[in-house]
Amino acid sequence: MKGVKIISITGPPGSGKGTQAKMISKKFKIKHISAGDILRKETKKKTSVGKRLEGYMDKGELAPNKIVNEIVLKTLKGKKSFILDGFPRDVPQAKEVLGKIKIDLVINLNVGKNVVVKRLLKRAKIEGRDDDTPKVIRHRFKVYNDETKPLLNYYIKMGYTIINIDGNGSPRKIFKDLCKILKEM
Ligand code: AMP
């Protein structure tokens, strides 16, 4: 993975972005920066910003770019190599962020809606995340289609390198497919 320092991983909710990002972070020794985790941490602090964020996250809406960018970019200060998980999340956010950090590679996980819903309902039982209820899951999927998916065309238009991976299999199989490509880069 010579020359690849900054990666962004994208895909629908439940596509396994977080799982794959963690595995990549460990194997290639780069930091895992999950926008969702950073924002969830902020909500736990019960600050006014945290409370505002919670309102969006519980409904499955994207949080405002101004708040998200400030918090996430602050976390990135001084870091040279990392994998961004769920960031940037829509075209307006990307337009602002891509002027500040140079993403070398985008990983896109393709997963069918049925697989994703099944995985998220299972995760709901294990992790108990407030946004893993059937109603919010459906909405998050819609938000993904309407707001996040168009990012892919934006990346293509801007000439970014994108790896498209079939994310329907087991985490191990997906990681194996990914590593085959990453090792050659
Ligand atoms: P995730 O952990 O990636 O599934 O994100 C959980 C929730 O955090 C999303 O449904 C959004 O409400 C919020 N979120 C995560 N990343 C972003 C982002 N880059 N921009 C705006 N909102 C975000």
Side-chain angles (χ1 to χ4, degrees), residues 6-25 31-77 79 82-101 103 106-111 113 115-152 154-155 160 167 171 174:
I6 302 180
I7 302 174
S8 176
I9 188 161
T10 182
S15 58
K17 299 188 292 291
T19 305
Q20 294 302 320
K22 275 189 201 121
M23 291 164 101
I24 291 169
S25 153
K31 285 249 175 293
H32 172 211
I33 309 286
S34 158
D37 285 351
I38 293 170
L39 299 179
R40 271 186 290 279
K41 222 189 210 166
E42 193 66 36
T43 64
K44 298 224 169 78
K45 289 188 201 156
K46 302 282 173 203
T47 55
S48 61
V49 170
K51 280 182 196 149
R52 259 192 86 195
L53 284 172
E54 202 167 17
Y56 292 96
M57 294 172 80
D58 284 354
K59 287 196 210 83
E61 294 285 347
L62 294 186
N65 284 340
K66 201 170 173 303
I67 303 181
V68 177
N69 289 357
E70 199 182 311
I71 300 177
V72 178
L73 291 174
K74 203 163 84 189
T75 311
L76 296 178
K77 265 211 181 117
K79 297 189 175 68
F82 43 84
I83 177 159
L84 296 165
D85 163 4
F87 184 82
R89 196 79 160 220
D90 64 9
V91 175
Q93 193 174 79
K95 281 187 178 165
E96 207 185 309
V97 167
L98 298 175
K100 294 184 176 132
I101 49 174
I103 292 176
V106 175
I107 298 172
N108 176 43
L109 295 171
N110 289 306
V111 191
K113 190 175 175 180
V115 174
V116 158
V117 171
K118 233 194 234 166
R119 280 186 193 166
L120 290 177
L121 290 174
K122 196 172 153 198
R123 183 171 82 186
K125 283 194 192 134
I126 302 167
E127 292 180 21
R129 254 174 67 167
D130 292 340
D131 58 352
D132 279 344
T133 63
K135 188 175 159 219
V136 180
I137 288 170
R138 269 198 304 277
H139 187 62
R140 280 161 63 207
F141 209 83
K142 185 181 181 312
V143 169
Y144 168 78
N145 276 323
D146 295 348
E147 298 177 48
T148 306
K149 216 172 163 190
L151 243 187
L152 288 172
Y154 181 73
Y155 284 132
Y160 281 80
I174 300 164

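Read the numbers this way: they start at 1 and go in the same order the structure lists the ligands and their atoms. Quick caveat: nothing in here was measured; it's all calculated off a predicted structure.
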Seminar exercise, completed: Checking heavy-atom distances from atom 9 (C) of ligand 1 to each of Arg89, Gln93, Lys17, the winner is Arg89

For this session: Report yes or no: does Arg129 have a heavy atom closer than 4.0 Å to ligand 1?
Result: yes

Exercise. Can you tell me which residue and heavy atom of the protein come closest to atom 12 (O) of ligand 1, and the distance to 0.1 Å?
Worked result: Glu61 O, 2.6 Å

For this session: Tell me which protein heavy atom sits closest to atom 14 (N) of ligand 1, plus the residue, atom name and distance to 0.1 Å.
Result: Leu39 CD1, 3.5 Å

Exercise. Backbone N or O of Gly86 within a donor-acceptor pair of the Arg89 side chain at under 3.5 Å?
Worked result: yes

Exercise. Should we say atom NZ of Lys79 is surrounded by more than 12 heavy atoms from elsewhere, each under 6.0 Å from it?
Worked result: yes

Problem set entry | Per-atom contacts of ligand 1 with Arg140, taking only distances under 4.0 Å to non-hydrogen atoms | 4 (O)

Exercise. Tell me: protein heavy atom nearest atom 7 (C) of ligand 1, and distance?
Worked result: Met57 CE, 3.9 Å

Exercise. Can Glu54 and Lys51 be counted as an ion pair, charged N to O under 4.0 angstrom?
Worked result: no

Problem set entry | N/O separation below 3.5 Å, Gly60 to ligand 1 | no

Exercise. Is it the case that more than 12 heavy atoms not belonging to Arg52 sit under 6.0 Å from its CZ atom?
Worked result: no

Seminar exercise, completed: When every non-hydrogen atom of Ser8 is compared with those of Phe87, the smallest separation belongs to OG-O, 2.9 Å

Problem set entry | Asp132 and Arg140 ion-paired at < 4.0 Å | yes

Exercise. Heavy-atom distance to atom 21 (C) of ligand 1: which of Pro13, Gly18, Ala63 wins?
Worked result: Ala63

Exercise. Can you name the one residue among Thr10, Ile7, Ile33 that meets side chain to side chain contact (heavy atoms under 4.5 Å, CB included) with Leu84?
Worked result: Ile33

Exercise. Does ligand 1 have any atom sitting under 4.0 Å from a heavy atom of Arg40?
Worked result: yes

Exercise. Any side-chain heavy-atom pair from Arg119 and Val111 closer than 4.5 angstrom?
Worked result: yes

Problem set entry | Enumerated ligand 1 atoms positioned under 4.0 Å from heavy atoms of Val68 | 18 (C), 19 (N), 20 (N), 21 (C)

Seminar exercise, completed: Note: ligand 1 atoms sitting under 4.0 Å from heavy atoms of Phe87 are 19 (N)

